[in-house]
Structure formats: C-alpha cells, structure tokens
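One structure is given here, and the rest of the page talks about it.
Because the structure is predicted, anything quoted here is derived from the model rather than measured. Order of the sequence lines sets the chain letters (A, B, ...), proteins ahead of strands, with each chain counted from 1. Both backbone and side-chain heavy atoms feed into the values below; hydrogens, waters and symmetry mates do not.
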Amino acid sequence: MGIFDKLSGKKEEKQRPDFSDVQSGNSSTAREPVTPSPTPIPDAKPTGTTGQGQTYTVVAGDSLSKIAKRYYGDASKWPRIHEANRDQITNPDLIHPGQQLKIPDA
Amino acid sequence: MRQSRRIPLSVCLALLMMSAACNRGGADNTGTASNTALRVTDVTLGRAVGGDKAITDRTETFQPNDTIYASVATEGSASSATLRARWTFEDGQVVDESTRTIASNNRERTEFHISKPNGWPAGKYKLEVFLDDRSVETKNFEVRAN
C-alpha cells in the first residue's frame, strides 16, 4: 500500500498551510468617497445593550470619532470608546465592519 | 475683394491680448496635481507604519509573529478609486485580500496589514496591489523561521 501510494504520488502532495486565521486591515490618509460605495451601507443602529452601556456593530465608513459623535454628540470623545474596547482595538485608526464595540454610557 | 479679406492690425492685437489673458487665468486653475489621474507611485513593506501611513520599519524579510504592513503611495485625483491588496503564499495560495476605497486629490498613503496569531509559515510570499482592478505593483517578501 505504501509503495502504491508512493508510486501514485499521493505521499508527494505538499500540505498546504492554513491561512484561515489571518487577520487583516487597512487605513488611509485619503478620505473616503463622498458617494456611497457600491455596497449599500446599512443603517447604523445599536445592536444591543449591556449592563455597562450599549454595543454597536461597526459598518463600512465608520471611525471611532464618527461613532462618538453619534452616541455622545461629540466626536472628540472617541477615546472613551477606544478605552472600553482595548481588547479588540490596538490602533484607534483601524476598526473593521462587523466588529462589536462596547459603547460606555455618556 | 482682396481688401475686404484683410483683418485690421488693431483687431489682431486685441485678440492676442485676450488670448494671453485667458491663458494666465487658466494656468492658475490647472496648475495643481488635482487634474492628474490617480496612480500608485510606490509600495513599501515593513513591520510598522506611522500616523502618515508610511512604513517606519522597512523590511522584506519577516519573522513568523510579525504583522506585515504594506504602504501604498498614490498621487493624483479620483473621486472614488479602489485599492486592493492580495497577499499570496509560494504557489499562489491566497493568504488574504482586502480593499480600500479612497477619494483623493493629492499625495496620499494607504496601508494594508496582515497578521497571523498562530505564526506565518516560513516561505516566500507575494503582495500584489491593484488600482481599480488593474494590477499596478508586485512585491515579494519572505518569512524566515526564528
């Protein structure tokens, strides 16, 4: 059987690495287009509440300051959201659609 | 008949002066880079980027636990353009692909990064950068085991 496998080349197949856990992101000095992207941006809505505030699901085009403006009426309060989500935001310039952020109470 | 075809000298001078005035005004409006089409001018790889999205720790040889950054410099104008970074491993296996849509009328930089909590397999990798689905730059890099 082993000889057969060797002859048929089955053992020679190189195992392909698994890249399913790769994490990626991007950011830019350029602004985002004024016109919406081809994918419609869903309405930004709170996705739930916790004992210590709400949770919010990031959508395309969001930034911490935009979210701060939405919840606190003041974009400069974005560090509050950053602090509450230190476990998942290492770079405050980088948040990704689908991320669930904790929004501390104002 | 022949005399009626002549244009008076004063009219010619007036036309010349008007033409010169128009050209000066035009130069003021068109002398910026904002009228050039957006293009990718540079792609660099490294382990970190600064606030300006430029690479601060440039390398093309990484270690398995590194986060790999690519900084894409663009120049020119576009109301909406899509940059795409496709990262592949050795035989073309796609590692990751991400896009960023930008609006630009100046020199800008866009960074793409990838990380792998379980560590990158050692080997040769390739980054291909697309601008509006057109391949514009390719960079090869390597991950070496510790």
Taking the six-membered ring for Trp, are B:Tyr125 and A:Phe19 parallel (under 30°), tilted (30 to 60°) or perpendicular (over 60°)? perpendicular
Would you please say whether a donor-acceptor pair under 3.5 Å links the side chains of A:Ser27 and B:Lys53? yes
Where on B:Trp120 is there a heavy atom nearer than 4.5 Å to chain A: the side chain, the backbone, both, or neither? side chain
Measuring from B:Thr110:OG1 to A:Asn26:CG, what's the distance to the nearest 0.5 Å? 7.5 Å
Starting from B:Leu45, can I reach B:Leu83 by hopping between I/L/V/M/F/W/Y residues whose side chains sit under 4.5 Å apart? yes
Do A:Arg31 and B:Glu108 meet the salt-bridge criterion of a basic N to acidic O distance under 4.0 Å? no
Most heavy-atom pairs under 4.5 Å with chain B, out of A:Ser20, A:Ser24, A:Gly25, belong to A:Gly25
Pairs in or reaching into residues 119-133 of chain B: which pass salt bridge (Lys or Arg N to Asp or Glu O under 4.0 Å), with residues at least two apart or in two chains? B:Arg84-B:Asp133, B:Arg86-B:Glu128, B:Lys124-B:Glu142
Over 12 foreign heavy atoms within 6.0 Å of NZ, B:Lys139: yes
Keeping the roles fixed (side chain from A:Gln23, backbone from B:Lys116), state whether a donor-acceptor pair exists under 3.5 Å. no
For B:Thr99, which atoms come within 4.5 Å of any heavy atom of chain A: side chain, backbone, both, or neither? backbone
Are B:Ile68 and A:Leu94 connected, step by step, through hydrophobic side chains (Ile, Leu, Val, Met, Phe, Trp, Tyr) whose heavy atoms are closer than 4.5 Å? no
Heavy-atom pair with the smallest gap, counting every atom of B:Gln93 and A:Pro17: NE2-O, 2.8 Å
Shared hydrophobic cluster for B:Ile55 and B:Val136 (ILVMFWY, side-chain gaps under 4.5 Å): no
Could you note down all residue pairs passing ring pair (Phe, Tyr, Trp, His ring centres under 6.0 Å) where residues 43-80 of chain B supplies at least one of them, sequence neighbours left out? B:Phe62-B:Phe141, B:Tyr69-B:His113
Test of understanding: clusters of I, L, V, M, F, W, Y form through side-chain heavy atoms closer than 4.5 Å, transitively. Do B:Val129 and B:Val49 belong to the same one? no
If one checks every heavy atom of A:Asp18 against chain B at 4.5 Å, the contacting part turns out to be backbone
Which bit of B:Asp96 comes within less than 4.5 Å of chain A, counting heavy atoms only: side chain, backbone, both or neither? side chain
Verify same cluster id: B:Phe130, B:Val95 (apolar side-chain graph, 4.5 Å): no
Using a cut-off of under 4.5 Å on heavy-atom pairs, state which of B:Gly123, B:Gly51, B:Ser115 scores highest against chain A. B:Ser115
Between A:Ala30 and B:Ile102, which heavy-atom pair has the shortest distance, and what is it? CB-CB, 3.8 Å
Could you go through B:Glu111 and A:Thr29, starting from their C-alpha distance and side-chain angles, then the distance that decides it, and tell me whether this counts as side-chain contact (heavy atoms from CB on, under 4.5 Å)? CA-CA 9 Å; B:Glu111 66 82 15; A:Thr29 57; over 6 Å; no
Determine whether more than 12 heavy atoms belonging to other residues, nucleotides or ligands lie under 6.0 Å from atom CZ of B:Arg134. no
